[in-house]
Amino acid sequence: MTFAMAAPVVLANNRFFYSRPRFGVAVWLGLFCLSMLFAAIAVFLAFWSVFETWLTLDRKPLDEIDWISAGAVAFAPWIILAVGGISLALANQKLSGLFASEAKVDLSALAGLQAATHQGYAVIELPVDVAHVSSSSSHIIQTRGAAAKLTESELEACWQHEAHHIRARHSRLIAFVNLADRLLRHVPATRAMKNDVSTLLEIEADKAITNPQAGIAAIRKLATGKEADLRIEKLLLRT
């Protein structure tokens, strides 16, 4: 509950993490996993308290049972969980509008041809006029529009960025946070984690770009919004 309510306020959009993206991702995922563990322990203890109370009552004669104490012990954990759920719902109402996900281009269903090879990874070009560059778990994906819009040095910067995503297996982290967001879609912290981890991984991958000016130019041609501005800001510090 603490993670769900405090994380969006304390962790999200934290500029300290933007300077240390790997650390930021580790903190987000570590705290999320710990919160899931503690939630499971809390539910287990709630069930155990009911079971333990039943065993105690079963061993005592009826005239020796303190029914008030027994009821308090049995139902107190559930009352605490209920209060936590209500608090989480109220927090969700307050924070739900702060972490809307930006629309992402999905080109996974399209077929393309290999246009080049970069650092051992195939560059697949799709017959789409919209300018876009991304990656899967094993190859770099670019559109015909990106090849026409970007210069050679800008494409090279994009390939370096995407190759780092593949090497670092960022697709697995993205899949994990997307799953958490789908399973806990009503918890604002999971939406904040999804958005923030995505941004941190983009900033981390930009470190592989050897020509920051080309990287900045590519970002300006391909992306807009807060994430793009942050990436440009970090690359400007390297020029």
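All heavy atoms count here, side chains included; hydrogens, waters and symmetry mates do not. Quick caveat, the model's predicted, so the values are computed rather than measured.
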Which pairs would a plain distance check flag for residues 205-212, meaning a side-chain donor or acceptor within less than 3.5 Å of a matching protein atom at least two apart in sequence or in another chain?
{"from": "Asp206", "atom 1": "OD1", "to": "His161", "atom 2": "ND1", "distance (Å)": "2.6"}
{"from": "Asp206", "atom 1": "OD1", "to": "Arg231", "atom 2": "NH2", "distance (Å)": "2.9"}
{"from": "Asp206", "atom 1": "OD2", "to": "Arg231", "atom 2": "NE", "distance (Å)": "2.8"}
{"from": "Thr210", "atom 1": "OG1", "to": "Gln160", "atom 2": "OE1", "distance (Å)": "3.4"}
{"from": "Thr210", "atom 1": "OG1", "to": "Gln160", "atom 2": "NE2", "distance (Å)": "3.0"}
{"from": "Asn211", "atom 1": "OD1", "to": "Gln213", "atom 2": "N", "distance (Å)": "3.3"}
{"from": "Asn211", "atom 1": "OD1", "to": "Ala214", "atom 2": "N", "distance (Å)": "3.3"}

### Message
Evaluate Phe32 against Leu184 for side chain to side chain contact (heavy atoms under 4.5 Å, CB included), listing each step before the verdict.
### Response
CA-CA 11 Å; Phe32 175 79; Leu184 301 169; 3.9 Å; yes
### Message
For a salt bridge (Lys or Arg N to Asp or Glu O under 4.0 Å) check, start with the C-alpha distance between Glu125 and Arg144, then their side-chain angles and the critical distance, and finish with the verdict.
### Response
CA-CA 6 Å; Glu125 185 167 306; Arg144 180 175 57 201; over 6 Å; no
## Note on the structure
Separation between OG1 (Thr199) and CZ (Phe17), nearest 0.5 Å, reads 13.5 Å
### Query
So, the side chain of Lys221 versus the backbone of Leu150: is there a donor-acceptor pair under 3.5 Å, distance only?
no
### Query
Is it true that a side-chain atom of Thr143 and a backbone atom of His132 form a donor plus acceptor pair closer than 3.5 Å?
yes
### Task
Decide salt bridge (Lys or Arg N to Asp or Glu O under 4.0 Å) for Glu154 and Arg220; before the verdict, give the C-alpha distance in whole Å, the side-chain angles of both, and the deciding distance to 0.1 Å.
CA-CA 11 Å; Glu154 291 165 359; Arg220 285 175 172 162; over 6 Å; no
### Message
With a 4.5 Å cut-off on side-chain heavy atoms, are Ile140 and Ile124 touching?
### Response
no
### Query
Is the number of heavy atoms from other residues, nucleotides or ligands within 6.0 Å of CZ (Arg167) greater than 12?
yes
### Task
Indicate yes or no: at least one non-hydrogen side-chain atom of Asn178 is less than 4.5 angstrom from one of Ile174.
yes
### Query
With a 4.5 Å limit on heavy-atom distance, are the side chains of Cys33 and Phe176 in contact?
yes
### Task
Look at the side-chain heavy atoms of Ile, Leu, Val, Met, Phe, Trp and Tyr, link any pair under 4.5 Å apart, and say whether Val177 and Leu200 land in one connected group.
yes
#### Entry: By side-chain contact (heavy atoms from CB on, under 4.5 Å) - contacts of Leu179 (at least two apart)
Arg182, Leu183
### Query
Taking only residues two or more places apart in sequence or in another chain, which ones pass side-chain contact (heavy atoms from CB on, under 4.5 Å) with Ala116?
Val123, Trp159
### Task
Please round to the nearest 0.5 Å and tell me the distance separating atom CD of Glu162 and atom OH of Tyr121.
12.0 Å
